[in-house]
Amino acid sequence: MQYDFRTYHYRSINAANEQERAAINQELKDLYASLPDDEKAEFNKQLQTFLAREMGRLKSDYESINGAQGDN
């Protein structure tokens, strides 16, 4: 099964407040809890891959912006 972490991520970014963000996080926790044990490992693997990719993208964006500011 393929999990759509990007949707949760964007919903969390655009949450109106902390309560909405907490509810979105709880949805993910509930999804994880509902999975059979053998599927939890795959969920974790996909989540770690998504997080690593997002952190890499953010780092690259930050470095691009930071480098561009240093050029001015």
Quick check: closest heavy atoms across Ala15 and Ile24, and the distance to 0.1 Å? CB-CD1, 4.4 Å

Rounded distance (nearest 0.5 Å) linking atom NE2 of His9 with atom CZ of Arg11: 13.0 Å

State whether the side chain of Glu39 and the backbone N or O of Leu35 hold a donor-acceptor pair below 3.5 Å, judged by distance alone. no

Pair up each side-chain donor or acceptor in residues 40-52 with any protein partner under 3.5 Å, not counting sequence neighbours, and list the distances.
| residue | atom | partner | partner atom | Å |
| --- | --- | --- | --- | --- |
| Glu42 | OE2 | Gln46 | NE2 | 2.8 |
| Asn44 | ND2 | Tyr32 | OH | 3.4 |
| Asn44 | ND2 | Lys40 | O | 3.3 |
| Gln46 | OE1 | Tyr3 | N | 2.9 |
| Gln46 | NE2 | Met1 | O | 2.7 |
| Thr49 | OG1 | Lys45 | O | 3.0 |

